[in-house]
Chemist: 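Below you'll find the structure I mean.
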Amino acid sequence: MLGFHRPVKGILKNEAVEVMGVAENGIAIRSSDGTRSTVSKRHAGSFDLLEVKPIEVSTGDRLLLTANRRDAGLRVTNGELVTVSGIDALGRIQLEDGRQLPADYRSFTHGYAVTAHRSQGKTVDSVILSGDGMQKELFYVAASRGRHSVTVITSDKERLQQMVGCSMARTSAMELLRGTMAARRMVQRAAAALLSSVSKEIIHQEVHRLPLRKERARERGFGR
């Protein structure tokens, strides 16, 4: 399916059409009333690619809305979590906050779990966090959503401890330069310490060898 967020010739804003195949000059589509037409590459910035997947929706279900919608009397935001209060005879979903999703709004999925990215800006009473492989910034975002409690679930506690200590932030050129210079100074100090210890060992050995050389010289003198 193609979901149009901007109108083009013969297709309305927010309309979804079915992809039928590749045409000579674009993509062959079919609208909900059965009308067939073609979308050319110049319309590529006007639609999103959608996958149709049937789900059951009942009163009390939590939904995650995945597309923005700005109509008269309706404002829907991508990433919003809502609760279903009912469904009318036309298939329109009623929400607990009084809003009604139009019959042609189908950009949603069950919202019992969300990614850490989508959780930004939200606050809930309790958070259950699957923390495997989650780095510092995302772990902080997800864990800080809970008002009263946070439960972290992981299959590898040690690996999680290592991962949350790693930052996803990109290293700047200056930080990289400072790190390189610090590493160079560390190597130089280690090399200087090694050379110093080797020099001391050579001096130490030479000091101990000196009496032995004198003794051997005396022995050679006595032999003659």
Side-chain angles (χ1 to χ4, degrees), residues 1-8 10-21 27-37 39 43-134 137-151 153:
M1 302 287 288
L2 303 180
F4 283 79
H5 48 77
R6 138 180 350 141
V8 299
I11 303 174
L12 301 175
K13 180 182 178 181
N14 300 321
E15 185 177 354
V17 299
E18 183 182 359
V19 176
M20 304 303 297
I27 301 173
I29 60 170
R30 181 174 61 190
S31 60
S32 56
D33 62 3
T35 303
R36 292 174 179 264
S37 58
V39 175
H43 300 137
S46 301
F47 60 81
D48 297 314
L49 182 63
L50 309 176
E51 179 185 7
V52 178
K53 185 181 295 184
I55 64 172
E56 295 182 0
V57 177
S58 302
T59 300
D61 280 355
R62 292 281 285 171
L63 298 180
L64 171 67
L65 308 182
T66 57
N68 295 322
R69 190 72 172 260
R70 302 289 184 268
D71 293 340
L74 177 67
R75 188 179 183 87
V76 172
T77 303
N78 182 10
E80 192 175 351
L81 289 170
V82 297
T83 302
V84 178
S85 63
I87 302 173
D88 66 16
L90 298 177
R92 294 174 297 192
I93 297 175
Q94 316 294 325
L95 304 180
E96 280 191 349
D97 58 15
R99 289 178 296 173
Q100 174 181 277
L101 298 181
D104 62 350
Y105 183 89
R106 289 292 181 265
S107 299
F108 55 78
T109 186
H110 286 130
Y112 297 104
V114 296
T115 64
H117 290 286
R118 285 191 179 274
S119 72
Q120 296 186 64
K122 295 178 174 57
T123 302
V124 296
D125 289 339
S126 300
V127 170
I128 301 176
L129 171 60
S130 174
D132 281 353
M134 188 174 288
E137 289 84 359
L138 280 183
F139 185 87
Y140 172 78
V141 168
S144 60
R145 301 305 93 194
R147 232 183 244 106
H148 304 305
S149 67
V150 177
T151 301
I153 299 174

Chemist: For Ser149 and Ser126, test the side chains for any donor-to-acceptor distance below 3.5 angstrom and give the result as yes or no.
Modeler: yes

Chemist: For atom CD1 of Ile128, decide whether the heavy atoms of other residues, nucleotides or ligands shown that lie under 6.0 angstrom number more than 12.
Modeler: no

Chemist: Is Lys13 salt-bridged to Asp71, going by a charged N under 4.0 Å from an acidic O?
Modeler: no

Chemist: Can you list everything that forms a side-chain hydrogen bond (donor to acceptor under 3.5 Å, both in side chains) with Glu18? Sequence neighbours excluded, please.
Modeler: Arg30

Chemist: Looking at Val76, is its backbone amide N or carbonyl O close enough to the side chain of Arg70 to form a donor-acceptor pair, meaning the two atoms are under 3.5 Å apart?
Modeler: yes

Chemist: Just jot down the side-chain hydrogen bond (donor to acceptor under 3.5 Å, both in side chains) partners of Arg147, sequence neighbours excluded, or say none.
Modeler: Asp125

Chemist: Quick one: side-chain contact (heavy atoms from CB on, under 4.5 Å) partners of Thr35, sequence neighbours excluded?
Modeler: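 Thr35: side-chain contact (heavy atoms from CB on, under 4.5 Å) contacts with Ser31, Asp33.
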
Chemist: Determine the minimum heavy-atom distance between Leu12 and Phe4, stating which atoms define it.
Modeler: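 Scanning both residues, the minimum pair turns out to be O-CB, 3.9 Å.
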
Chemist: Answer yes or no: does atom CZ of Arg75 have more than 12 heavy-atom neighbours from other residues, nucleotides or ligands under 6.0 Å?
Modeler: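 Atom CZ in Arg75 is not packed in, count stays at 12 or less.
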
Chemist: Taking only residues two or more places apart in sequence, or in another chain, which ones meet Phe139 in a ring pair (Phe, Tyr, Trp, His ring centres under 6.0 Å)?
Modeler: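 So Phe139 forms no ring pair (Phe, Tyr, Trp, His ring centres under 6.0 Å) with any residue.
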
Chemist: Who are the ring pair (Phe, Tyr, Trp, His ring centres under 6.0 Å) partners of Tyr105, not counting sequence neighbours?
Modeler: none

Chemist: Please enumerate all residues that pass salt bridge (charged side-chain N to carboxylate O under 4.0 Å, His left out) together with Asp48, with sequence neighbours excluded.
Modeler: none

Chemist: Test of understanding: with side-chain contact (heavy atoms from CB on, under 4.5 Å), list the residues that count as partners of Ser85, not counting sequence neighbours.
Modeler: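 Listed in chain order: Gln94, Glu96.
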
Chemist: Suppose we screen for side-chain hydrogen bond (donor to acceptor under 3.5 Å, both in side chains). Which residues come up paired with Thr83, at least two apart in sequence or across chains?
Modeler: Arg62

Chemist: With Glu15, which residues qualify under salt bridge (charged side-chain N to carboxylate O under 4.0 Å, His left out), at least two apart?
Modeler: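 Checked Glu15 against salt bridge (charged side-chain N to carboxylate O under 4.0 Å, His left out); zero matches.
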
Chemist: Does Val19 have any side-chain contact (heavy atoms from CB on, under 4.5 Å) partners at least two apart in sequence or in another chain, and if so, which?
Modeler: Leu2, Ile27

Chemist: Look at the side chain of Lys53 and the backbone N and O of Thr109, then say whether any donor-acceptor pair between them is shorter than 3.5 Å.
Modeler: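 Looks like no, no N/O pair under 3.5 Å.
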
Chemist: Please enumerate all residues that pass side-chain hydrogen bond (donor to acceptor under 3.5 Å, both in side chains) together with Arg92, with sequence neighbours excluded.
Modeler: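 With neighbours one apart ignored, the set is Asp88.
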
Chemist: Output all residues satisfying salt bridge (charged side-chain N to carboxylate O under 4.0 Å, His left out) with Arg145, sequence neighbours left out; order by chain, then residue number.
Modeler: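 Expected list: none.
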
Chemist: Do Ile11 and Val39 touch side chain to side chain, with heavy atoms closer than 4.5 Å?
Modeler: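 Side chain of Ile11 against side chain of Val39, heavy atoms only: contact under 4.5 Å found.
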
